[in-house]
Amino acid sequence: MIKEQQKKVEIGTVKRQDILENQAKIVFLGIGSNLGIRKRNIEKAKFLLSEHNLDFLSVSSYYETPSWPDPRKPKFLNIILKLKCFYSPQELLKICKFIENQLGRKKAKKNAPRTCDLDIIDFNNLVSKKNSKINLPHKMMHKRNFVLFPLFEIQKNWIHPDKQIDVKTLISLLPDRDIRSIKQI
């Protein structure tokens, strides 16, 4: 039996799975809502994520912020999740879009109010190439109070994979109005 297997390997008829392919990846995912019953929307999103075999390692508190760029729109409620994931970034993105649609998210203008927004903040410290279809880490996360504060809460030693700046320093670089406008719930 061993000789048969060895022969198949020698002639290339056996596919060897990439060792890293089946290893768990650590992912930070943001969930936000500013339409409907915001907390319930986020809890539903968490439930649907768990149904896709994503293991929650940490969940931040809820953080409320004014809507951006128009603070007259409904306030956002946001959390960050730390997950163990066996998907590729593209597969996880498809799951996130599917869940957003299940929770009633409609195509709308950029930054329009929404029932649910799921963003991959960091996928196993990967940095996307410039022309990639997915931006990793999330391209604006380092400027967003609603990402940085909950991220700091659950992973105080997190370092931006591309900028190589720790989360505490990123928070300190936020404008004062962004630091004052966020409220932990």
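As the structure is a computational prediction, the values presented were derived from the model and not from experiment.
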**Item:** Set of residues satisfying side-chain contact (heavy atoms from CB on, under 4.5 Å) with respect to Asn125, sequence neighbours excluded
**Value:** Asp122, Pro161
**Message:** Can a side-chain donor-acceptor contact be found between Glu153 and Ser60 if the only test is distance below 3.5 angstrom?
**Reply:** no
**Message:** Could you report the tightest heavy-atom contact between Phe123 and Ser88, atom names first, then the distance?
**Reply:** CZ-C, 3.8 Å
**Asked** Taking the side chain as C-beta and beyond, is there a heavy-atom pair between Lys163 and His142 under 4.5 Å?
**Response** yes
**Request:** Could you note down all residue pairs passing side chain to side chain donor-acceptor pair (under 3.5 Å) where residues 167-178 supplies at least one of them, sequence neighbours left out?
**Result:** Asp166-Thr169
**Message:** Quick one: does any side-chain atom of Tyr87 pair with a main-chain N or O of Leu93 as donor and acceptor, under 3.5 Å?
**Reply:** no
**Ser67 (side chain) donor-acceptor with Lys73 (main chain) under 3.5 angstrom** = no
**Item:** Closest non-hydrogen atom pair, Ser128 against Ile134
**Value:** OG-O, 2.7 Å
**Complete:** Rounding to 0.5 Å, atoms CG (Asp162) and CG (Leu136) come to a distance of 10.5 Å
**Message:** Does Phe98 have more than 12 heavy atoms from other residues, nucleotides or ligands lying within 6.0 Å of its CZ?
**Reply:** no
**Message:** I'd like to know if the side chain of Gln155 pairs up with that of Ser58 as donor and acceptor (distance under 3.5 Å, no hydrogens or angles considered).
**Reply:** no
**Item:** Those residues that, when tested against Asn41, pass side chain to side chain donor-acceptor pair (under 3.5 Å) (two or more places apart)
**Value:** Ser33
**Asked** Considering residues at least two apart in sequence or located in another chain, which fulfil the side chain to side chain donor-acceptor pair (under 3.5 Å) criterion with Lys46?
**Response** Glu43
**Same cluster (ILVMFWY, side-chain, under 4.5 Å), Ile42 and Phe56** = yes
**Asked** When clusters are formed by joining ILVMFWY residues with side-chain heavy atoms under 4.5 Å apart, either directly or through shared neighbours, do Ile79 and Trp68 land in the same one?
**Response** no
**Main-chain N/O of Met140 paired with His138 side-chain donor or acceptor, under 3.5 Å** = yes
Taking distance alone, no hydrogens or angles, what donor-acceptor pairs closer than 3.5 Å link side-chain atoms of residues 112-120 to residues at least two apart or in another chain?
residue: Arg114; atom: NH1; partner: Ala112; partner atom: O; Å: 2.5
residue: Thr115; atom: OG1; partner: Leu103; partner atom: O; Å: 2.9
residue: Asp117; atom: OD1; partner: Arg105; partner atom: NH1; Å: 2.8

**Asked** Would a 4.5 Å heavy-atom cut-off, applied to side chains only, mark Leu54 and Leu92 as touching?
**Response** yes
**Prompt:** What residue pairs, at least two apart or across chains, pass salt bridge (Lys or Arg N to Asp or Glu O under 4.0 Å) with a residue in residues 61-71?
**Reply:** Arg38-Glu64, Glu64-Lys183, Asp70-Arg72
**Request:** Under 4.5 Å between side-chain heavy atoms, chaining through other members, with only Ile, Leu, Val, Met, Phe, Trp and Tyr counted: pull out the rest of the cluster around Ile37, sorted by chain and number.
**Result:** none
**Prompt:** Does NZ in Lys156 sit with more than 12 non-hydrogen atoms of other residues, nucleotides or ligands closer than 6.0 Å?
**Reply:** yes
**Asked** Considering residues at least two apart in sequence or located in another chain, which fulfil the side-chain contact (heavy atoms from CB on, under 4.5 Å) criterion with Asn101?
**Response** none
**Asked** Sequence neighbours excluded, which residues qualify as salt bridge (Lys or Arg N to Asp or Glu O under 4.0 Å) partners of Lys97?
**Response** Glu100
**Asked** Can you tell me how far the CZ atom of Phe86 sits from the CD atom of Glu91, to the nearest 0.5 Å?
**Response** 12.5 Å
**Message:** Please give me the minimum heavy-atom distance between Ala24 and Lys84, naming the atom from each residue.
**Reply:** CB-CG, 3.2 Å
**Asked** Of all heavy-atom pairs between Asn78 and Phe76, which one has the smallest distance, and what is that distance?
**Response** ND2-CB, 3.5 Å
**Connected hydrophobic set around Ile165, excluding itself, where side chains approach under 4.5 Å** = Ile26, Phe28, Leu57, Tyr63, Ile80, Ile121, Met141, Phe146, Val147, Leu148, Phe149, Leu151, Phe152, Ile154, Trp158, Val167, Leu170, Ile171, Leu174, Ile179, Ile182
**Request:** Go through the steps for Leu49 and His52 under the test side chain to side chain contact (heavy atoms under 4.5 Å, CB included), then give the verdict.
**Result:** CA-CA 5 Å; Leu49 286 165; His52 283 88; 5.9 Å; no
**Fill in**
Taken in chain and number order and not counting sequence neighbours, the residues that satisfy salt bridge (Lys or Arg N to Asp or Glu O under 4.0 Å) with Lys143 are none
**Asked** Given a cutoff of under 4.5 Å between side-chain heavy atoms of I, L, V, M, F, W and Y, with clusters grown through shared members, what are the other residues clustered with Ile159?
**Response** none
**Asked** If every non-hydrogen atom of Leu29 is compared with every non-hydrogen atom of Cys96, which pair is closest and at what distance?
**Response** CD1-SG, 3.8 Å
**Message:** Looking at every heavy atom in both Lys75 and Pro66, which two are closest together, and how far apart are they?
**Reply:** CG-CA, 4.2 Å
